[in-house]
Amino acid sequence: MSAPAFKKIDYTVDDKVTQAHSSSNANHDDDLLDAYSRAVVDAAEAISPSVTFIEVIKTLPPGRSGPQHGYRGGHGSGSGFIFTPDGFILTNSHVVHGASSVAVTLSDGRRFDATLVGDDPGTDLAVVRISARGLAAAPLGDSAQIRVGQLAIAIGNPYGFQYSVTAGVVSALGRSLRSESGRLIDNVIQTDASLNPGNSGGPLVNSRGEVIGVNTAVILPAQGLCFAVGINTAKFIAGHLMMHGRIRRAYLGLGGQTVQIPRAVVRARQLKSESGVLVISVESNGSAEQAKLLEGDVIVALDNLPVRSVDDLHKLLTDARIGASCELTLLRRSEKLNLVVVALEAAA
């Protein structure tokens with residue numbers, strides 16, 4: 001008689017322990033959910049007064065109108081955020097480039113005409129300004145400190161639905177993204193925080209409400225593949241746009257494409273890379289022509305820095321090289337040559 005009674009008591013105790021353990025897990029899950037919700041709510045409330053709704057009127061090239069670009073006819077919209085109390089606003093270049101008029105609506109409903117301070121299609125960033133003071137400026141974080149897996153919150157105006165909030169995580173860092181100008185944007189943040197046309201130019205923020213990126217692109221057929229330009233890049237570009245209205249870059253006056261170099265030539269000429277830039281065109285009276293570059297030459301270095309691709313050459317042609325003499329290392333047929341070229345300033 002004692003054995004069955006013992007078994008029955010033992011079963012009852014185990015059952016209570018199991019129920020208590022399940023209840024504890026449920027409470028723990030609820031606490032985690034509340035913490036996640038609080039983080040998103042707090043960040044959204046902190047940054048929302050700085051987020052703007054941007055409307056533009058522009059003349060579009062043939063075939064470029066449509067909802068995939070956030071435009072219908074000559075009217076378009078996007079997002080932005082105030083980053084100084086006196087009305088400077090960061091957004092995407094593709095939102096405002098070529099606009100004949102720009103209007104900005106704040107979160108409190110006030111609407112202002114805006115002026116385009118400058119834009120840089122090469123990084124898809126732009127700065128506009130409104131005539132207002134004492135505005136709520138978004139705190140800017142440090143994109144060099146973010147980590148894969150951390151909370152990422154996007155705020156913007158997808159399809160005109162103003163001040164929408166989505167949340168996810170930082171999916172990857174150090175991505176590269178091709179801008180509409182053809183240049184490669186480096187150190188791009190990948191996130192699964194949902195973005196749609198109209199989110200362009202809005203802030204990507206961390207759990208403290210600090211801006212860590214400028215939302216710029218989404219791969220439409222995919223799910224959760226969204227991209228933002230790192231805020232450290234945006235700080236640098238915005239500063240130059242505010243001073244000069246554009247980003248100054250050096251220019252050699254040649255057209256090129258990335259090509260592989262035969263390994264035998266690499267070994268024979270002790271090259272640092274197995275690829276370079278094939279010169280396919282040389283502009284008349286340009287820097288390259290004056291330096292005696294020829295079509296068919298393969299550029300392998302600039303000032304002893306390896307040039308493996310067209311993107312490498314773009315990165316090296318900064319404003320510091322405008323007007324400066326640069327040494328190009330190249331292959332002409334199988335001979336290795338060094339030529340001096342004076343870089344000019346690229347047209348805006």
Side-chain angles (χ1 to χ4, degrees), residues 40-41 43-56 67-71 76-84 87-97 99 102-108 111-112 114 119 123-130 135-141 143 146 151-171 177 185 188-220 224-235 237-238:
V40 175
V41 169
E45 289 180 346
I47 198 70
S48 287
S50 306
V51 180
T52 64
F53 177 51
I54 298 177
E55 298 172 279
V56 304
Q68 70 272 25
H69 293 100
Y71 294 94
S77 64
S79 306
F81 58 94
I82 302 164
F83 66 98
T84 69
F88 284 96
I89 296 168
L90 257 171
T91 186
N92 282 154
S93 171
H94 75 259
V95 171
V96 297
H97 185 76
V102 180
V104 170
T105 303
L106 305 184
S107 60
D108 59 11
R111 181 183 170 92
F112 298 87
D119 74 299
T123 54
D124 198 21
L125 293 169
V127 174
V128 301
R129 189 180 189 185
I130 58 175
L135 300 172
L140 305 183
S143 52
I146 62 179
L151 183 64
I153 303 159
I155 303 179
N157 308 287
Y159 291 107
F161 291 99
Q162 298 183 30
Y163 309 108
S164 298
V165 178
T166 57
V169 298
V170 173
S171 304
L177 189 67
I185 310 173
V188 172
I189 303 164
Q190 180 185 329
T191 178
D192 66 351
S194 179
L195 301 177
N196 287 287
N199 274 113
S200 295
L204 185 72
V205 305
N206 60 21
S207 58
R208 295 187 295 274
E210 299 168 336
V211 181
I212 56 174
V214 182
N215 299 321
T216 189
V218 57
I219 298 178
L220 291 178
L225 282 175
C226 305
F227 301 94
V229 178
I231 195 61
N232 289 2
T233 299
K235 290 175 187 176
I237 297 297

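Keep in mind that the numbers below use all heavy atoms, side chains included, and drop hydrogens, waters and symmetry copies.
Not a single donor-acceptor pair under 3.5 Å links the side chain of Asn92 to the backbone N or O of His94. Side-chain N or O atoms of Lys235 include none that pairs as donor or acceptor with a backbone N or O of Gly230 at under 3.5 Å. The closest donor-acceptor contact from the side chain of Thr191 to the backbone of Ser171 lies at 3.5 Å or more, if one exists at all. Remark: the backbone N or O of Gly80 is not paired with any side-chain donor or acceptor of Asn157 at under 3.5 angstrom. Here the side chain of Ser77 pairs no donor or acceptor atom with the backbone of Tyr159 at under 3.5 angstrom. With Asn215 contributing its side chain and Ala228 its backbone, the two residues share no donor-acceptor pair below 3.5 Å. Not one N or O on the side chain of Thr91 forms a donor-acceptor pair closer than 3.5 Å with the backbone of Ala126. Under the 3.5 Å distance criterion, the side-chain polar atoms of Thr105 are left unmatched by any main-chain donor or acceptor of Arg111. In this structure a side-chain-to-backbone donor-acceptor pair under 3.5 Å is present from Tyr163 to Ser107. A distance-only check finds no donor-acceptor pair linking the side chain of Ser79 to the backbone of Gly202 [under 3.5 Å].
Between the CG atom in Asn232 and the CD1 atom in Ile212 there is a gap of 10.5 Å [rounded to 0.5 Å]. Note: Ile231 CD1 to Ser143 OG = 7.0 Å, rounded to the nearest 0.5 Å. Atom CZ of residue Arg208 and atom CD1 of residue Ile153 lie 11.0 Å apart, to the nearest 0.5 angstrom. How far CZ of Phe53 is from CG of Leu106: 12.5 Å, rounded to the nearest 0.5 Å. Within the model, atoms CG of Asn196 and SG of Cys226 stand 7.5 Å from one another, a figure rounded to the nearest 0.5 Å.
In terms of heavy-atom proximity, Leu204 sits nearest to Ala152 at CD1-CB, 3.9 Å. For Asp192 against Val169, the heavy-atom pair with the smallest separation is OD1-N, 2.7 Å. Scanning both residues, Gly209 and Pro139, for their nearest heavy atoms gives O-CG, 3.5 Å. Between Ala137 and Ser50 the shortest heavy-atom distance is C-OG, 3.5 Å. Across every non-hydrogen atom of Ile89 and Thr52, the tightest pair is CG2-OG1, 3.8 Å.
When Asp119, Ile54, Thr216 are each tested for a side chain to side chain contact (heavy atoms under 4.5 Å, CB included) with Val95, only one passes: Ile54.
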Evaluate Asn199 against Thr166 for side-chain contact (heavy atoms from CB on, under 4.5 Å), listing each step before the verdict. CA-CA 10 Å; Asn199 274 113; Thr166 57; 5.6 Å; no
For Ile155 and Phe81, run side-chain contact (heavy atoms from CB on, under 4.5 Å): C-alpha distance rounded to whole Å, both residues' side-chain angles, the deciding distance at 0.1 Å, then the answer. CA-CA 10 Å; Ile155 303 179; Phe81 58 94; over 6 Å; no
side-chain contact (heavy atoms from CB on, under 4.5 Å) between Val128 and Phe112: does it pass, once the steps are laid out? CA-CA 11 Å; Val128 301; Phe112 298 87; over 6 Å; no
CA sep, side-chain torsions, deciding dist, call: Leu177, Asp124, side-chain contact (heavy atoms from CB on, under 4.5 Å): CA-CA 10 Å; Leu177 189 67; Asp124 198 21; over 6 Å; no
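In this structure, Ile146 and Asn206 have side chains that are not in contact, with every pair of non-hydrogen atoms separated by 4.5 Å or more. Contact check for Leu135 versus Pro49: no side-chain heavy atoms found under the 4.5 Å cut-off. Proximity of Leu90 to Val127: side-chain heavy atoms (C-beta onward) are separated by under 4.5 Å at one or more points.
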